[in-house]
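So the structure is just underneath, and the comments pick up after that.
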Amino acid sequence: MTETLHDVVGIGNAIVDVLAHADDCFLAEQGLDKGAMTLIDDVRAEQLYGLMDTAIECSGGSAANTMAGLASFGGKGAFVGKVRDDQLGAIFAHDIRAIGIEFNCPPARQGPPTARSFIMVTPDAQRTMNTYLGACVELGPEDIVEATIASAKITYLEGYLWDRPEAKDAFRKALSIAQAHGRKVALTLSDAFCVDRHREEFRQLVADHVDILFANESEITALYEVADFDAALQAVRLRCQFAALTRGPAGSVLVSGEEVHVIDAWPVANPVDTTGAGDLYAAGVLFGLTHDHGLAASGRLGSLAAGEIISHYGARPETSLAELAEQSGMG
């Protein structure tokens, strides 16, 4: 087996988040689907940016946020994603390298600009995302380097990428390399609407290629077209080696065959912004699994990370997750 250099390599959309306050009236006026992620074009992106309140810009993207969380726990990771050689692309590259994540993808020198996601945060801490994918759509098999995938214990794939044929080919190449080198593959379903678009393909991926599945309650029920969480849990336990299923304030459930662990949500007195909660939960679980913490302990690390992220704006940790874990007796 190839030498292990990374705990996890994440493959996903390289996005700069633009966050601002909004109320439900604004969402209704703009026809925005509260709590969902909607893909938009460049014209709509400019329109929404002009309508948003004072905004905060920070690097984001689902899998990239997970890798940031992994690094905050002290894990070693790499990220694969596409940016353009523009200002936002430089910001993204600087931010992810500054936290210790390897990022060697060369920026595109032509084509659409670096992606950005306009995130409206309502008073109940829910986030509504409208994402212009920009340069992300250019990710292809040529961006997948065998040595990087082969050197990671787990390759973590972002479901959002499945919308483009080239990205699907990149996924398949990464899957093939990971499996050829005896490495694990993890997938996050990303969004219920994403599942609706690709249900049959996702089912096949989970059944045939995925070792570790991440999903929230709406995503896993959508995947198996069942009415309730318990039915979805029974379905996934028969089809995937390990699944980590989040339920918001109700916590999460980790299941592997007959082994089931129910994990409480981390107590947060005043949730501020749920952006990235699932991404950081995945970071804690992946760190735990790659450091032999066991399923239940890994779930508690995921819960801790999600709790930290919803206590402030933005989808990347502001406090060292390694220190929080140590203080909580989970170091």
Side-chain angles (χ1 to χ4, degrees), residues 5-6 8-19 37 39-46 48-49 55-71 76-119 129-152 155-174 177 188 190 275-276 279 283 314-316:
L5 300 178
H6 305 104
V8 183
V9 56
I11 304 176
N13 289 323
I15 299 173
V16 176
D17 291 338
V18 182
L19 298 100
M37 193 285 287
L39 297 178
I40 58 175
D41 60 19
D42 55 345
V43 175
R44 180 59 167 157
E46 289 297 324
L48 275 179
Y49 187 60
I56 299 170
E57 294 182 352
C58 55
S59 294
S62 177
N65 292 336
T66 297
M67 300 311 299
L70 180 85
K76 296 179 180 179
F79 178 72
V80 178
K82 202 76 171 179
V83 297
R84 176 70 195 273
D85 58 347
D86 53 18
Q87 183 178 3
L88 290 184
I91 289 172
F92 181 92
H94 171 271
D95 286 353
I96 199 161
R97 289 170 181 153
I99 58 176
I101 296 297
E102 181 181 299
F103 180 61
N104 295 326
C105 299
R109 300 193 178 280
Q110 58 184 3
T114 298
R116 67 286 315 266
S117 183
F118 302 100
I119 303 175
M129 298 183 292
N130 287 263
T131 303
Y132 169 57
L133 290 176
C136 290
V137 303
E138 302 296 320
L139 183 76
E142 67 278 3
D143 296 302
I144 305 300
V145 177
E146 181 169 3
T148 302
I149 305 300
S151 70
T155 293
Y156 178 70
L157 304 169
E158 180 182 319
Y160 283 133
L161 273 179
W162 202 252
D163 281 312
R164 298 282 300 182
E166 296 84 357
K168 288 182 183 181
D169 290 340
F171 259 41
R172 293 186 180 106
K173 181 178 178 181
I177 294 169
T188 174
S190 295
T275 306
D279 303 335
R316 297 197 176 176

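Note that these values count all heavy atoms, side chains included, but never hydrogens, waters or copies made by symmetry. Positions are given from 1 along the sequence.
In this structure, L139 CG and I144 CD1 are separated by 5.5 Å, a value rounded to the nearest 0.5 Å. Here the CZ-CG distance, from R116 to D17, works out to 11.5 Å after rounding to the nearest 0.5 Å. Between S117 atom OG and E57 atom CD the span is 12.0 Å, to the nearest 0.5 Å. Atom-to-atom distance recorded for L157:CG and I11:CD1 is 5.0 Å, nearest 0.5 angstrom. Atoms CD1 and NZ, on I101 and K76 in that order, are 11.5 Å from each other to the nearest 0.5 Å. Between the CZ atom of R44 and the CG atom of L39 there is a distance of 13.0 Å, given to the nearest 0.5 Å.
In this structure, R164 has no side chain to side chain donor-acceptor pair (under 3.5 Å) partners at least two apart in sequence or on a different chain. The salt bridge (Lys or Arg N to Asp or Glu O under 4.0 Å) check on D163 picks up R197, with sequence neighbours excluded. Considering only residues two or more places apart in sequence or on other chains, R316 meets the side chain to side chain donor-acceptor pair (under 3.5 Å) condition with N65. Under the salt bridge (Lys or Arg N to Asp or Glu O under 4.0 Å) criterion, R172 pairs with D169, sequence neighbours left out. Remark: D95 pairs with no residue by the salt bridge (Lys or Arg N to Asp or Glu O under 4.0 Å) rule, at least two apart or across chains. Taking D86 as the reference, T114 meet the side chain to side chain donor-acceptor pair (under 3.5 Å) condition, with sequence neighbours excluded.
A115 approaches A14 most closely through the heavy-atom pair CB-O, 3.6 Å. Looking at every heavy atom in both residues, P141 comes nearest to K173 through O-NZ, 3.1 Å. The two residues G81 and F103 make their nearest non-hydrogen contact at O-CE1, 3.5 Å. In plain terms, the two heavy atoms of L161 and G12 that are nearest each other are CD1-CA, 3.5 Å. The two residues D143 and V80 make their nearest non-hydrogen contact at O-CG1, 3.6 Å. Between D85 and R109, the shortest heavy-atom contact is OD2-CA, 3.6 Å.
In this structure, the side chains of V83 and L88 stay at 4.5 Å or more apart for every pair of heavy atoms. Residues H94 and I91 form no side-chain contact, since every pair of their non-hydrogen atoms from C-beta on lies 4.5 Å or further apart. Side-chain contact between I96 and S59 is absent, with no heavy atoms from C-beta onward closer than 4.5 Å. S190 has its side chain within reach of E158: a pair of non-hydrogen atoms, C-beta onward, lies under 4.5 Å apart.
Around the CD atom of Q87, the shell of radius 6.0 Å holds no more than 12 heavy atoms that belong to other residues, nucleotides or ligands.
By the 30° and 60° cut-offs, the orientation of the rings of F171 relative to W162 is tilted.
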task = Check step by step if side chain to side chain contact (heavy atoms under 4.5 Å, CB included) holds for I40 and F118.
result = CA-CA 10 Å; I40 58 175; F118 302 100; 4.0 Å; yes
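Taking the six-membered ring for Trp and the full ring otherwise, Y132 and Y49 have centroids separated by 6.0 Å or more.
Side-chain atoms of T66 come within 3.5 Å of backbone atoms of D279 as a donor-acceptor pair (strictly under, hydrogens ignored).
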